[in-house]
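Read the structure below first, then the notes.
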Amino acid sequence: MSNATTTERAPSVYVPSAEALATVLAPGARPPRPSALGASLTFGWRAMLKIKHVPEQLFDVTAFPIIMVLMFTYLFGGALADSPRDYLQFFLPGIMVTSVVMITMYTGIGLNTDIEKGIFDRFRTLPVWRPAALVGMIFGDVLRYILAALVILGVGLALGFRPDGGVAGVAAGIGLLVVFSFAFSWVWTFFGLILRSEKSVMGVSMMVLFPLTFLSNVFVEPSTMPGWLQAFVNVNPVTQLVAAVRASMSGSSDPSSVMWLLAWSAGFVVVFGTLTMYRYNRR
């Protein structure tokens with residue numbers, strides 16, 4: 001038997017022509033780098049798209065505020081005022097602040113989740129302003145704050161809340177609340193970066209938020225409290241926020257509370273915004 005020799009044919013490899021390479025590699029105008037605001041708004045739009053695809057995320061800004069209003073109005077209204085409706089006039093601005101401030105912690109939780117999934121590692125490779133992902137995420141959360149405030153206001157109006165400040169006073173009060181919440185969110189972005197899990201972020205957040213919201217003027221006037229407790233309540237930033245929002249919605253003004261509110265907001269942004277950027281750039 002004769003030995004047959006076989007030769008294996010090498011697979012053909014496509015070699016692009018010189019004309020094709022010249023077309024692909026031809027120099028052209030590079031697209032302009034997006035501005036800091038444009039990049040931040042794009043990441044803010046991403047945050048809103050997450051709500052579109054997972055609408056149950058809105059539970060904390062819809063069902064939770066409604067439960068809070070109904071529960072505390074009818075739980076404390078008869079004991080602290082002549083009727084739940086009378087108590088609502090005092091209580092609703094405070095519970096609006098409490099609900100919105102408490103949901104700011106989800107900023108840190110969402111950030112921690114994205115980091116654990118590796119999403120922010122991809123964002124950091126993009127040729128955009130580096131803080132845009134963080135700023136845009138908080139921009140997206142501002143919509144949640146406004147929605148929660150409007151839900152509480154709607155429930156309050158249905159139960160008999162009548163703000164003497166009218167539409168302008170209500171808008172001013174919600175504006176102050178959104179400004180503070182935006183600034184306060186930087187606290188949770190920092191915790192979202194330094195803590196290892198979303199459960200840790202939630203635990204630390206609740207440990208901070210409960211004293212701030214309950215040891216304040218949300219439910220009762222500070223003058224009814226012991227003197228040692230008043231000392232903390234009077235310097236509590238939530239107390240200043242509630243006083244400013246309550247005054248706006250009632251048609252009056254409280255310049256001192258507004259001044260302290262803006263000072264606290266600026267402090268949160270400067271201190272925790274700086275710490276967040278430092279940690280984010282070195283993570």
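Using the six-membered ring where Trp is involved, Phe91 and Tyr87 have ring planes that are parallel, under 30° apart on the 30 and 60° scheme.
At least one donor-acceptor pair under 3.5 Å links the side chain of Thr189 to the backbone N or O of Trp186. Between the side chain of Gln240 and the backbone N or O of Asn234 there is at least one donor-acceptor pair closer than 3.5 Å. A donor-acceptor pair is defined here as one N or O able to donate and one able to accept, closer than 3.5 Å; no such pair exists between the side chain of Asn112 and the backbone of Val201. Arg162 places a side-chain N or O within 3.5 Å of a backbone atom of Leu157 that can act as its donor or acceptor partner. Judged by distance alone, the side chain of Glu198 and the main-chain N or O of Leu111 form no donor-acceptor pair under 3.5 Å. Formation of a donor-acceptor pair under 3.5 Å by the Glu221 side chain with backbone atoms of Asn217 is not found in this model. Under a 3.5 Å cut-off, the side chain of Thr239 and the backbone N or O of Val233 do form a donor-acceptor pair. Judged by distance alone, with hydrogens and angles left aside, the side-chain atoms of Gln230 form a donor-acceptor pair with the main-chain N or O of Met225 at under 3.5 Å.
The distance from atom CZ of Phe76 to atom CE of Met71, rounded to the nearest 0.5 Å, is 8.0 Å. A distance of 10.5 Å separates CG in Leu176 from OG in Ser181, rounded to the nearest 0.5 Å. Note: Phe191 CZ to Leu275 CG = 10.0 Å, rounded to the nearest 0.5 Å.
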(message) Evaluate Ser250 against Asp164 for side-chain hydrogen bond (donor to acceptor under 3.5 Å, both in side chains), listing each step before the verdict.
(response) CA-CA 5 Å; Ser250 65; Asp164 294 332; over 6 Å; no
(request) Please lay out, stage by stage, how Leu193 and Tyr280 fare under the test side-chain contact (heavy atoms from CB on, under 4.5 Å). (result) CA-CA 7 Å; Leu193 286 172; Tyr280 178 65; 4.0 Å; yes
(message) Run the side-chain contact (heavy atoms from CB on, under 4.5 Å) test on Phe184 and Leu212 for me, step by step, so that the C-alpha distance in whole Å, both residues' side-chain angles and the decisive distance to 0.1 Å come before the verdict.
(response) CA-CA 12 Å; Phe184 199 50; Leu212 287 179; 4.0 Å; yes
(request) Check the pair Thr104, Trp188 against side-chain hydrogen bond (donor to acceptor under 3.5 Å, both in side chains), reporting the backbone distance first and the verdict last. (result) CA-CA 7 Å; Thr104 59; Trp188 311 127; 3.0 Å; yes
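Closest heavy-atom contact between Tyr74 and Leu159: OH-CD2, 3.6 Å. Contact between Met96 and Ile152 at its shortest, heavy atoms only, is CA-CD1, 3.6 Å. Taking every heavy atom of both residues into account, Val155 and Leu70 meet most closely at CG1-CD2, 4.5 Å. Residues Asn236 and Pro211 share a closest heavy-atom pair of ND2-O, 4.1 Å. Minimum interatomic distance between Gly173 and Val245 (heavy atoms only, all atoms of both residues): O-CG2, 3.5 Å.
In this structure, Arg279 is not positioned above the aromatic face of Phe190 in the sense of NZ or CZ being under 6.0 Å from the six-membered ring centre and within 45° of the axis.
A chain of hydrophobic side-chain contacts below 4.5 Å, direct or via other Ile, Leu, Val, Met, Phe, Trp or Tyr residues, connects Val208 to Val269. Using a 4.5 Å cut-off between side-chain heavy atoms of Ile, Leu, Val, Met, Phe, Trp and Tyr, with links allowed through other members, Ile66 and Leu147 fall into the same hydrophobic cluster. Hydrophobic clustering (side-chain heavy atoms under 4.5 Å, transitive across Ile, Leu, Val, Met, Phe, Trp, Tyr) groups Ile194 together with Val271.
Remark: Asp254 pairs with no residue by the salt bridge (Lys or Arg N to Asp or Glu O under 4.0 Å) rule, at least two apart or across chains.
Among residue pairs with one or both ends in residues 256-271, none qualify as salt bridge (charged side-chain N to carboxylate O under 4.0 Å, His left out); sequence neighbours excluded.
Ion pair Asp114/Arg122 not flagged as a salt bridge, since none of the NZ, NE, NH1 or NH2 atoms sits closer than 4.0 Å to an Asp/Glu carboxylate oxygen.
Between the side chains of Ser200 and Ser197, a donor-acceptor pair is found at a separation under 3.5 Å.
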